[in-house]
2 protein chains.
Amino acid sequence: MVKDKPPEHPSKIPCQKARYRTETEWGALTRDEINLFDRDVVCKTYCSGETIFVEGDACKGLYFVEHGLVAVRKTEINGQSTIVRLAYQGDTLGYRPLLAKENHRATAEVINDTHICFINAKTMRHFLRSNPKLGMRFLEHTALALGQAEERMFQIAALSVRTRIIHLVVLLRDHYGTITSDGTLFVDLPMSQRDMADMIGARPESVSRALRDIQDDGLIHLSGHTVRVDRVDRLVEELHHH
Amino acid sequence: MVKDKPPEHPSKIPCQKARYRTETEWGALTRDEINLFDRDVVCKTYCSGETIFVEGDACKGLYFVEHGLVAVRKTEINGQSTIVRLAYQGDTLGYRPLLAKENHRATAEVINDTHICFINAKTMRHFLRSNPKLGMRFLEHTALALGQAEERMFQIAALSVRTRIIHLVVLLRDHYGTITSDGTLFVDLPMSQRDMADMIGARPESVSRALRDIQDDGLIHLSGHTVRVDRVDRLVEELHHH
DNA sequence: CGCCAGGTTGATTTCGCTCAAGCAATGTGG
DNA sequence: CCACATTGCTTGAGCGAAATCAACCTGGCG
């Protein structure tokens, strides 16, 4: 049972000028459009466990992740659920249903405290009509996401839990990994093992066991939520072999 | 080992005016653009078993399926492979890598004899720049495909082989199903059980057994590649329950 | 006719899920 | 400040679904 903390009041403050936006699809906006964006944007901070939107909701607009971590989750009738995507700093949420003209097909659930800029669908559609470049940026982004989804589909179908876990650790390295001067890699897992299980389509017990197996083989060393990898090449080599 | 039959010579004939195009993303083209399309298009008939492009190839352009059936397949180092998507009449192949500016991440393999209209990447990029509507159509299409990919990911992770087979039969009904006057449904499976296995992430033996189980339960009746479904509702009901 | 790919069937094994118990860390109320 | 819930992780035992291995059809085709 998730207890929703009282949400903070939405703010009209334009998110410290939202500098991250310029490095994303939103970099296509003209100066005038940026002003319009800043006029209409509504910003809000979500705490861990809160939901941004839920499966079945109409798509009211887009959510730009200023910083934080959000899981996009699908839930079945029987209660099983899968995380279909993660949204990091700089990612935009809700673009798929908006572009496909559908309702939300998944729930966005905050994993780490997250600052979100919301832009309503009407303004967004205006941008798409007036600025073809923005559409092309989103087109490119959606095509990349489709490739990733197909990649993951393949993995879940063909690879063992152990291998999928290694894939996940390598994936999380991009955002949560640091490398020390002696070449040791540390990955600070930003989520619970339950969430990791939902990411790779497995049960939490299986994740726990797989992590211990990999540790027993000397490929990683776990302490709390931090994974130490002494020989990254050996870990990656297992991916290419299996 | 696939033995590639000698490909027929590409033809400049504009595919019997390609009437199917108007009902797809390509419907956004203006009259002038259609003329340009017809000038640059190269058409060709592929036989079952031939490949249109392979994983790792640079994306040279788009392939419009005039008619036929194509499987988009990913293959692992160890030889395992999965069909990530099917392309039917009216579908366009190769748009994902073109839009994402990547190489092909999958192989397109002809299942049933297929007539393809090829349009080169340069012309396509010209269309995208000159006609924002076309980009929006592809954006919508890609967003829908992303939703489907996420749906399938979920299914493979959570459902039994039996249930996934039923899903597949119901999916194929759209293109290969006919319904008789007494309400009986016939689905003419367009592919081998091996391919069906690759579609749902299972082994051929498991597909064979699952099909027989479903038949033993009286839900379907198999004869050759034709599935007879007397009570469609009972079949669909199993999907909603499981 | 014989070959061979595709399909069936059986025996065995393996992987991961389920169920269940225990444990450490954190939180909470008296 | 201590008893107690709660939550997340670990570990074990047993089971079941599907993979694997292997033999054997069957029909189409050179």
Side-chain angles (χ1 to χ4, degrees), chain A residues 1-3 5 47-49 71 76 78-82 111-112 155-168 188-217 220-227 242, chain B residues 1-3 5 47-49 71 76 78-83 109 111-112 155-168 189-217 220-227 238 242:
Chain A
M1 195 67 66
V2 176
K3 44 180 169 184
K5 301 178 187 177
C47 298
S48 174
E76 257 310 66
N78 54 13
Q80 285 181 88
S81 83
T82 314
I111 296 188
N112 294 337
Q155 284 177 16
I156 292 176
L159 306 179
S160 67
V161 167
R162 178 191 169 113
T163 311
R164 281 179 271 162
I165 281 283
I166 297 178
H167 266 287
L168 179 58
D188 198 21
L189 303 175
M191 64 185 80
S192 68
Q193 289 192 12
R194 155 151 285 291
D195 284 340
M196 292 176 69
D198 288 343
M199 286 276 312
I200 64 165
R203 308 267 82 202
E205 298 96 317
S206 301
V207 170
S208 177
R209 280 187 249 267
L211 282 171
R212 204 175 63 80
D213 283 354
I214 301 167
Q215 182 166 231
D216 288 350
D217 291 352
I220 64 172
H221 186 269
L222 279 165
S223 58
H225 273 189
T226 303
V227 181
H242 248 283
Chain B
M1 194 67 67
V2 177
K3 46 179 170 183
K5 303 179 189 176
C47 298
S48 174
E76 256 310 67
N78 54 14
Q80 282 183 92
S81 83
T82 315
I83 294 174
E109 181 185 302
I111 296 188
N112 294 336
Q155 283 179 16
I156 291 177
L159 306 178
S160 68
V161 167
R162 179 191 168 108
T163 311
R164 281 178 272 162
I165 282 282
I166 297 179
H167 266 287
L168 179 58
L189 302 176
M191 64 184 80
S192 68
Q193 289 192 13
R194 155 152 286 290
D195 285 339
M196 292 176 69
D198 289 343
M199 287 276 312
I200 65 166
R203 308 266 86 200
E205 297 97 315
S206 301
V207 171
S208 177
R209 280 187 249 267
L211 282 171
R212 203 173 63 82
D213 282 354
I214 302 167
Q215 182 167 229
D216 288 350
D217 291 353
I220 63 173
H221 185 270
L222 278 165
S223 60
H225 273 190
T226 303
V227 182
E238 184 169 325
H242 250 283

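Sequence lines set the chain letters: A, B, ... in the order given, protein chains first and strands last, and positions in each chain run from 1.
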Residues in contact with DNA chain C, drawn from residues 157-166 of chain A - heavy-atom cutoff 4.0 Å: A/Ser160, A/Val161
Positions of residues 201-208 of chain A (non-hydrogen atom under 4.0 Å from DNA chain C), listed by number: A/Gly201, A/Ala202, A/Arg203, A/Glu205, A/Ser206
Using atom [atom1] of [X] as one end and atom [atom2] of [N] as the other, report the distance to the nearest whole Å.
| X | N | atom1 | atom2 | result |
| --- | --- | --- | --- | --- |
| A/Leu189 | D/dG8 | CG | P | 15 Å |
| A/Gln193 | D/dT11 | CD | C1' | 13 Å |
| B/Met196 | D/dA18 | CE | P | 15 Å |
| B/Leu211 | C/dG6 | CG | P | 16 Å |
| B/Asp198 | C/dG6 | CG | C1' | 14 Å |
| B/Leu222 | C/dG6 | CG | P | 18 Å |
| A/Ile156 | C/dG16 | CD1 | C1' | 14 Å |
| A/Arg194 | D/dT6 | CZ | P | 17 Å |

Is [Y] close to [X] at the side-chain level, that is, under 4.5 Å between some pair of heavy atoms?
| X | Y | answer |
| --- | --- | --- |
| B/Ile200 | B/Leu159 | no |
| B/Val227 | B/Leu222 | yes |
| A/Leu211 | A/Gln193 | yes |

Main-chain N/O of A/Asn112 paired to A/Ser48 side chain as donor or acceptor, under 3.5 Å: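 No; zero donor-acceptor contacts below 3.5 Å.
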Any donor-acceptor N/O pair, B/Arg164 side chain to B/Gln155 backbone, under 3.5 Å: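 No; judged by distance alone, with no hydrogens or angles, the pair does not exist.
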B/Thr82 to B/Asp198 - nearest heavy-atom pair and separation: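 Here B/Thr82 and B/Asp198 meet closest at CG2-O, 3.2 Å.
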Nearest heavy atoms of A/Ala197 and A/Arg203, plus distance in Å: CB-C, 3.6 Å
Trace of the salt bridge (Lys or Arg N to Asp or Glu O under 4.0 Å) decision for B/Asp213 with B/Arg209: CA-CA 6 Å; B/Asp213 282 354; B/Arg209 280 187 249 267; over 6 Å; no
side-chain N/O A/His225 vs D/dC9 OP1/OP2, d < 4.0 Å: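 Yes, within the criterion.
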Under-4.0 Å side-chain N/O to phosphate OP1/OP2 contact, B/Arg212 with C/dT8: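 No, because none of the side-chain N or O atoms of B/Arg212 sits under 4.0 Å from OP1 or OP2 of C/dT8.
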Residue list, side-chain hydrogen bond (donor to acceptor under 3.5 Å, both in side chains) with A/Asp188, at least two apart or on another chain: A/Thr226
Given D/dT10, D/dA13, C/dT9, the nucleotide with the shortest approach to the side chain of A/Arg209: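 Of all the options, the side chain of A/Arg209 is nearest to D/dA13.
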